[in-house]
Amino acid sequence: MTAKSKKRFTTVIVYLLLIAGSILCLMPLFWMLRSSLMTNVEIFMVPIRWLPEVFQWENYRDVFETLPFLKYYANSLTLVVFVVSGAVLTSSLCAYGLSRINWAGKKIVFTCIMGSMMLPVAVTIIPTFLMFRRIGLTNSLIPLIIPAWLGGGAFYIFLLRQFFLSIPKDLDEAARIDGATHLQIYSKIILPLTKPALVVVGMFAFMNTWNDFLGPLIYLNSDDKYTVALGLQLFVGSYRAEWQLMMAAACLVVIPAILVFMIGQKYLIEGITMTGVKG
């Protein structure tokens with residue numbers, strides 16, 4: 001076998017493995033989609049029925065007739081808009097202060113921020129809930145929004161700080177010579193150069209917020225304030241589960257996440273690789 005033939009054989013094997021891996025990854029998505037178009041009985045039939053005998057498109061209509069799922073969708077979208085905007089803005093401001101400004105105690109503050117990433121979520125749930133309950137903000141979206149406007153999160157700060165450090169400080173010095181303030185440097189120089197990293201932070205914040213179940217479960221009591229994550233579990237009752245409706249609702253919930261990933265995948269790769277400014 002020649003070297004060229006070996007290379008072709010290796011390429012074919014690699015592509016076959018990638019195709020097999022893609023099929024395995026897409027199988028849950030296919031199973032959810034086919035189940036959303038079946039009756040409750042068909043979903044659990046043995047032997048497995050891979051496609052519905054009759055496509056039950058009315059399942060998607062029944063999702064909105066059974067529960068106020070459109071209201072849950074609106075609540076989640078409202079939450080996502082405020083959380084993503086707050087996380088991107090405040091985490092980038094914190095990262096700018098930690099990477100572009102020299103001030104006493106900067107290393108200590110950064111160490112504390114990094115140390116907070118090692119705290120389990122379970123450690124902070126109870127005191128945070130008690131604090132918001134004491135000031136009367138429970139049963140609303142506010143406790144889920146406020147943390148995003150107070151730094152956004154330690155991981156986002158770390159990610160943006162590392163990206164900001166890759167930008168030459170000569171740009172800051174040149175701007176200060178021209179009379180620019182830190183706010184002008186941040187908004188007109190740093191942010192335009194770090195668009196990929198900002199998109200990555202926005203995507204992570206969107207995914208974490210859109211899929212969050214524990215936070216809304218803790219703070220929300222009224223059905224009209226539920227998010228889509230809480231709305232899904234309402235299809236499973238104590239005595240009966242509407243699996244076909246849950247699968248249809250899950251398909252509707254997945255659509256925004258897929259769209260966000262498709263739109264931002266280019267920036268996701270650039271942001272994670274920490275591409276800086278050349279020259």
Would you check, one step at a time, whether the test side chain to side chain contact (heavy atoms under 4.5 Å, CB included) holds for I185 with T181?
CA-CA 6 Å; I185 296 172; T181 62; over 6 Å; no

Ring-plane angle category for F44 and W243, please: parallel below 30°, perpendicular beyond 60°, tilted otherwise.
perpendicular

Sequence neighbours excluded, which residues qualify as side-chain contact (heavy atoms from CB on, under 4.5 Å) partners of V88?
V84, L198, V201

P216 side chain reached by L144 side chain, heavy atoms, under 4.5 Å
yes

Do V63 and L67 have side chains that get closer than 4.5 Å, going by heavy atoms?
no

After noting the C-alpha distance and the side-chain angles of L171 and I167, does the key distance pass the side chain to side chain contact (heavy atoms under 4.5 Å, CB included) rule?
CA-CA 8 Å; L171 297 175; I167 300 176; 3.8 Å; yes

Quick one, E65 with R61, criterion salt bridge (Lys or Arg N to Asp or Glu O under 4.0 Å). Give me CA distance, side-chain angles, the key distance, then yes/no.
CA-CA 7 Å; E65 293 181 352; R61 180 199 62 201; 3.8 Å; yes

Here the pair of heavy atoms bringing A257 nearest to F206 is CA-CE2, 3.9 Å

Would you confirm whether T138, through its side chain, and F132, through its main-chain N or O, come within 3.5 Å as a donor-acceptor pair?
no

Which heavy atom of T227 sits nearest a heavy atom of S76, and at what distance?
CB-OG, 3.2 Å

Short side-chain to backbone donor-acceptor contact, N59 and A248, under 3.5 Å
no

Mind listing the closest non-hydrogen atom pair of E42 and E53 along with its distance?
OE2-N, 3.1 Å

Apart from L26 itself, members of its ILVMFWY cluster (side-chain separation under 4.5 Å) are L29, M32, M247, V254, I258, M262

Backbone N or O of G231 within a donor-acceptor pair of the Q233 side chain at under 3.5 Å?
no

Which atom pair, heavy atoms only, marks the closest approach of A249 to F69?
CB-CZ, 3.7 Å

Aromatic contact, Y73 with W210 (centres under 6.0 Å):
yes

Exercise: do Y186 and S92 side chains pair donor with acceptor under 3.5 Å
yes

Which pair of heavy atoms, one from Y226 and one from N221, lies closest together, and at what distance?
OH-O, 3.9 Å

Donor-acceptor contact below 3.5 Å, side chain D212 vs main chain N208:
no

Before giving the answer on side chain to side chain contact (heavy atoms under 4.5 Å, CB included), spell out for R34 and W50 the whole-Å C-alpha distance, their side-chain angles and the decisive distance to 0.1 Å.
CA-CA 7 Å; R34 52 79 75 174; W50 293 99; 5.6 Å; no

All side chain to side chain donor-acceptor pair (under 3.5 Å) counterparts of S36, not counting sequence neighbours:
Y60

Roughly how far, to the nearest 0.5 Å, is CG of L160 from CD1 of I190?
11.5 Å

Distance-only, no hydrogens or angles: does the N75 side chain make a donor-acceptor pair with backbone N or O of V228 under 3.5 Å?
no

Shortest non-hydrogen separation from K225 to L141 and the atoms involved:
O-CD2, 4.2 Å

Parallel, tilted or perpendicular: which one describes the rings of W57 and F55, with boundaries at 30° and 60°?
parallel

Any side-chain to backbone donor/acceptor pair from W103 onto G97? Under 3.5 Å, distance only.
yes

Side chains of S91 and F155: does their closest heavy-atom pair fall under 4.5 Å?
no

